[in-house]
Number of protein chains: 2
Amino acid sequence: MLTISQLAAYAGVTVRAVRHYHQIGLLPEPERDQSGYRIYDAAAVVRLIRIRTLADAGVPLARVQELLDAGPEKFGDGVQEIDKELRAEIRRLQGTRRRLVRLATGEHLALPQSVVDYLDRLRGLGVEERYIEMERDAWIMIAAQAPHLIDAVIAKKHEELDDPDMVKLYSLLSGALDWPADDPRVDEIADLLERLMIRAVQAGEVGTDGFDDQFVDLLDSTMVESSPGAARLLAILEERGWRGWTRIERVPADRLNPELPSS
Amino acid sequence: MLTISQLAAYAGVTVRAVRHYHQIGLLPEPERDQSGYRIYDAAAVVRLIRIRTLADAGVPLARVQELLDAGPEKFGDGVQEIDKELRAEIRRLQGTRRRLVRLATGEHLALPQSVVDYLDRLRGLGVEERYIEMERDAWIMIAAQAPHLIDAVIAKKHEELDDPDMVKLYSLLSGALDWPADDPRVDEIADLLERLMIRAVQAGEVGTDGFDDQFVDLLDSTMVESSPGAARLLAILEERGWRGWTRIERVPADRLNPELPSS
DNA sequence: GCTTGACCTTGACGCTGGGTCAACCCTCCA
DNA sequence: TGGAGGGTTGACCCAGCGTCAAGGTCAAGC
């Protein structure tokens, strides 16, 4: 007959695990010898190996117990189901691997390839890395929040970049993170941006983007906090009848400065 | 700015999880408003999404922390290593799937292939399943106690089965589990066995098997308990100068019946 | 007969990644 | 003013064991 460590060694488990299975009733307590040691027979080996085979497949011990105590046909069904789950788990892990590879190579996070390409295009335009990281973070949030929209939005961004004025805008923005709030170049950005917006409105290119309003506010707030000049830029634009950054909208004249008494 | 539940919703986690990350220092505690509510900015969303991306890959949270706080080159190394672990896990699960398929019967998992083949050969000879199960349990014990010997012993058993008398012996033993102790066929078995032993001794095929003496006694005792006729069979053989079952030995004449006074 | 070292026993706490109360506070709306 | 529906901390709970702790047992060697 076998001692607990012989049993454990043969089934490839630890002594502690065997005792745990006794505790939860998964493996019946065997006879003891006169000194209280547990003594096992071959049936225990068989049962233990079955337990481990199922447990290694990720089956919770409670379900292992149900399966082993059920009839052979239920057992077969259960094993079939577990095998299906195993296949699904393997597929999941393979998907995780793919994401992980992109995480190492791409933008340090699982952004869709389209976004990575877009950020690379900005880099190619000479935009500084700090600004690109800000953009990237914004895209991370967009990817998390509205993954179904992201490819369409990216396509629109690519179109915009075909406009030389937009390229110029980015080259200005690139260095703007360190400007003081009263830097005159902030006005230059505002002028450029307004020209772009007017042109976009005339071309009928301003439509709904599909984003939630609050989400747009959140993205805007990160922009405002990124640089001292950002708030002033938005203020200038608002004076001229435009509001927002992530989504720039025309503000009707009668709704400008709503905090003033509209006597 | 965001409340905890808004943050959680953006990143697709539960509020409880966010608080857990604060507790373990994975996500820095943000500012509080005047009533003690946590208020988050977009950077927290980004960090939280990164945490989830790694955690979904199965990375333990402690390691997520190391990775996110490390430089980009260490981050790359860490991701490489995680990918290696993922590959290993996938292979392990595929192996588990193969074992799961064989789980229907006990012996394939508990025994080396050589023993399974041997038992199949016995089945092929028409030996009944009950006897085979007894044999199987004995082999499980042997495999547990002396795994290094098992292939050699099995090889010897295969050789023995090349002898037609041995085949005949098994066909007799197969049905013998239910015989009464005084069944005349027990004597037939004894005769057959003695012929086989004498031939083996003459051929010089009797050597040490490497088993522990106590272990041999144990295997014999299970044989004795398996059937009423078993004890009588051993007694007959002992009268004729043979002792044992698992390991049959010639007993010197002066050591026969040692319990009698050797005056 | 004594020591040593390997093994056995029970019992209890620790770990991960949170779920799920409880008990109370804050804000908003009718 | 009160009730819903947020938020807060604190505490216990789960699997599946690992890992002490504190002691009893067994076989071997002196």
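All values below were derived from every heavy atom in this structure, side-chain atoms included, with hydrogens, water molecules and symmetry-related copies excluded. In the text below, chain A, chain B and the rest are named by the order of the sequence lines, each starting its count at 1.
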Interatomic distance where CG belongs to B:L27 and P belongs to C:dG18 [whole Å]: 13 Å

Touch class at under 4.0 angstrom, heavy-atom based, for B:I24 against every strand present: nothing

Atom CD of A:E31: over 12 foreign heavy atoms under 6.0 Å: no

d(CG, B:L26; P, C:dG17) in whole Å: 10 Å

Side-chain N or O of B:T14 closer than 4.0 Å to phosphate OP1/OP2 of C:dG19: yes

Sugar-phosphate, base or nothing in reach of B:Q34, heavy atoms under 4.0 Å: sugar-phosphate

Rounded interatomic separation in angstrom, taking CZ from B:R19 and P from C:dT20: 14 Å

Touch class at under 4.0 angstrom, heavy-atom based, for B:Q23 against every strand present: nothing

Heavy-atom side-chain proximity of B:V224 to B:L234 below 4.5 angstrom: yes

Short side-chain N/O contact to C:dC8 OP1/OP2 from A:R38, under 4.0 Å: no

OP1 or OP2 of C:dT27 under 4.0 Å from side-chain N/O of B:S35: yes

No-hydrogen, no-angle side-chain donor-acceptor test under 3.5 Å, B:T246 and B:D220: yes

Members of residues 39-70 of chain A that approach DNA chain D, where some heavy atom sits under 4.0 Å away: A:R52, A:P60, A:L61

Pi-cation contact, A:F75 with A:R50 (under 6.0 Å, within 45°): yes

Closest-nucleotide ordering on DNA chain C, the 5'-leading residue of B:H20 and A:R32: A:R32

Integer-rounded Å distance: C:dG18 P and B:H22 NE2: 14 Å

Rounded distance in Å - OH (A:Y37) to C1' (C:dC8): 4 Å

Short side-chain N/O contact to C:dG17 OP1/OP2 from B:Y21, under 4.0 Å: no

Short side-chain to backbone donor-acceptor contact, A:Q6 and A:T3, under 3.5 Å: yes

Whether over 12 other heavy atoms sit under 6.0 Å from B:Q94 CD: yes

Heavy atoms from other residues, nucleotides or ligands near CD of A:E133 exceed 12 (cutoff 6.0 Å): yes

N/O (side chain, A:R16) to phosphate O (OP1/OP2, C:dG11) under 4.0 Å: no

Parallel, tilted or perpendicular: rings of B:Y10 and A:F215 (30°, 60°): tilted

Donor + acceptor pair across side chains of B:R47, B:Y40 (<3.5 Å): no

First-last contacting nucleotides on DNA chain D - partner chain B, under 4.0 angstrom, heavy atom: D:dG6 to D:dA11

